[in-house]
Amino acid sequence: MKKYLLPWLLLLAACKPEAQNNRLVTPNGLEYEMHVNVAKEKAVLGDILVIDMKYGTADSLIFDSKSYGRPVYLQVTNPAYTGSMEEGLVLLGAGDSATFYLSADSVYNRIFNQPLPQGIKPGSEMVFHIGVLAVRNEDRDLEKFLLNQGISDTARNSGLLISRKLGGKGKAALSGKKITVHYTGTLLDGTKFDSSRDRNEPFTFVLGEGQVIQGWEEGIALLREGDVARLIIPSYLAYGPKGAGGGLIPPYATLLFEVEVLKVD
């Protein structure tokens, strides 16, 4: 991690106008500086950059991800406008770091969708420092997981993958029914983030009332009392770009649940 420290120590220097002579410019006008450029593979559209990030103006620091104790997850999308920072993200890969210079008006009005806050003058420049810790892609990560685990389940139209491990003969889990289950939830790398079995506390909810994530609403509705099944749920059917659990479930995380339907009332 030490190789990412130097760009952050240069925050004040990089914010100063005299640093302009070291700037590069993309074809669409985004000004930037590369501090570390070691990645052989750069990010592409749809990738998720796991980053340390600071941003502010020439005389004030507005945000520092390290103050929150965890990185920022930033998806590479089409540029919000000509010269937007997304144009620079595709120049980065794991281990790289850079500084991007943008108009404060454009950042707040076209990315944050809010007016300039007090203390930032119209026409001000904002400085974004980014150090890339890792590059992820949910589709590629899932494909690799399925291959390594020898899983050949076909995804449903929604993207949910479900397979029964033990068939039950009880009542079907229908919308409006009270469902009691045991479950264990893990990330694709095997990290366990929750388990009712560990607590010895079955979980009960009403199906179809939005009490659980969308992937559960769809998956549990396909099961019966006594079923044991595996649900592999893409992030957009789970917690999406926000994540959950105080960082236990990171943004854009595919989730794997082993569930047993204990009772349908």
Side-chain angles (χ1 to χ4, degrees), residues 4-37 39 42-94 96-137 235-236 239-243 250-252:
Y4 302 116
L5 295 179
L6 183 57
W8 309 141
L9 296 176
L10 298 177
L11 172 64
L12 294 179
C15 287
K16 294 179 180 179
E18 52 264 31
Q20 292 182 11
N21 292 334
N22 299 321
R23 299 183 189 182
L24 302 172
V25 183
T26 67
N28 287 322
L30 172 65
E31 296 187 18
Y32 69 98
E33 292 182 70
M34 291 293 296
H35 302 297
V36 180
N37 189 8
K42 306 299 184 180
V44 297
L45 197 66
D47 281 351
I48 299 152
L49 302 184
V50 185
I51 63 174
D52 282 331
M53 180 169 69
K54 289 184 179 182
Y55 63 80
T57 62
D59 54 8
S60 65
L61 178 63
I62 297 172
F63 174 84
D64 182 354
S65 62
K66 290 187 176 180
S67 298
Y68 294 88
R70 55 180 181 262
V72 171
Y73 289 71
L74 194 62
Q75 188 167 38
V76 181
T77 61
N78 289 315
Y81 58 91
T82 300
S84 184
M85 188 167 63
E86 292 88 349
E87 295 181 9
L89 297 181
V90 295
L91 303 173
L92 303 177
D96 291 345
S97 64
T99 299
F100 299 103
Y101 302 90
L102 297 102
S103 159
D105 303 77
S106 294
V107 169
Y108 277 92
N109 296 332
R110 306 172 82 171
I111 298 179
F112 296 166
N113 294 316
Q114 58 183 267
L116 281 173
Q118 291 184 353
I120 298 182
K121 298 178 180 179
S124 296
E125 182 176 74
M126 289 189 67
V127 181
F128 286 77
H129 299 270
I130 291 177
V132 182
L133 307 175
V135 178
R136 291 178 38 205
N137 183 288
S235 66
Y236 54 83
Y239 297 101
K242 293 184 178 180
Y252 303 104

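From a predicted model like this one, the values you see are computed outputs, not experimental measurements.
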### Query
Should Val135 and Val50 count as side-chain neighbours, where that means a heavy-atom distance under 4.5 Å?
no
### Task
For residues Gln75 and Gly46, report the shortest heavy-atom separation together with the two atoms involved.
NE2-O, 3.3 Å
### Task
Tell me, please, which residues at least two apart from Pro79 pass side-chain contact (heavy atoms from CB on, under 4.5 Å).
Ser84, Glu86, Glu87
### Task
Find the distance between CG (Leu91) and OG1 (Thr26) and round it off to the nearest 0.5 Å.
7.5 Å
#### Entry: Residue pairs, two or more places apart or on separate chains, that pass ring pair (Phe, Tyr, Trp, His ring centres under 6.0 Å) and touch residues 67-89
Phe63-Tyr68
#### Entry: Check against salt bridge (Lys or Arg N to Asp or Glu O under 4.0 Å), Asp47 and Lys42
CA-CA 10 Å; Asp47 281 351; Lys42 306 299 184 180; over 6 Å; no
### Query
Which atom names give the shortest non-hydrogen contact between Pro251 and Arg136, and what distance separates them?
O-NH1, 3.4 Å
### Message
Between Thr57 and Asp59, is there a side-chain donor-acceptor contact under 3.5 Å, judged purely by atom types and distance?
### Response
yes
### Backbone of Arg110 reached by a side-chain donor or acceptor of Ser106 within 3.5 Å
no
### Query
Roughly how far apart are Leu49 CG and Leu74 CG, rounded to 0.5 Å?
6.0 Å
### Query
Taking it one step at a time, do Tyr55 and Phe128 satisfy ring-ring contact (aromatic ring centres under 6.0 Å, His included)?
CA-CA 4 Å; Tyr55 63 80; Phe128 286 77; 4.8 Å; yes
### Message
Working note: Val90 + Val44, criterion side chain to side chain contact (heavy atoms under 4.5 Å, CB included); need CA distance, chi angles, decisive distance, verdict.
### Response
CA-CA 6 Å; Val90 295; Val44 297; 6.0 Å; no
### Query
Passes side chain to side chain contact (heavy atoms under 4.5 Å, CB included), Leu102 versus Leu30? Steps please.
CA-CA 7 Å; Leu102 297 102; Leu30 172 65; 4.1 Å; yes
### Query
Got a donor-acceptor contact below 3.5 angstrom from the Asp96 side chain to the Gly93 backbone?
yes
### Message
Looking at every heavy atom in both Arg23 and Glu33, which two are closest together, and how far apart are they?
### Response
CA-CG, 4.0 Å
### Task
Show your working on side chain to side chain contact (heavy atoms under 4.5 Å, CB included) between Asp52 and Leu133 and close with a plain yes or no.
CA-CA 7 Å; Asp52 282 331; Leu133 307 175; 3.8 Å; yes
### Message
Any side-chain to backbone donor/acceptor pair from Ser65 onto Met53? Under 3.5 Å, distance only.
### Response
yes
#### Entry: For Leu45 against Asn78, the heavy-atom pair lying closest together
CD1-N, 3.5 Å
### Query
Quick one: which of Val25, Thr99, Leu24 gives a side-chain contact (heavy atoms from CB on, under 4.5 Å) with Glu31?
Val25
### Query
Going through the checks in order, is the side chain to side chain contact (heavy atoms under 4.5 Å, CB included) test met by Ile130 and Leu89?
CA-CA 9 Å; Ile130 291 177; Leu89 297 181; 4.0 Å; yes
Using atom types as modelled, flag every donor-acceptor pair under 3.5 Å from a side chain in residues 112-120 to any protein atom, sequence neighbours excluded.
none

#### Entry: Modelled atom types, side-chain donor and acceptor of His35 and Ser97, under 3.5 Å
no
### Query
Within the side chain of Asp105, is there an N or O that forms a donor-acceptor pair under 3.5 Å with the backbone of Gly123?
yes
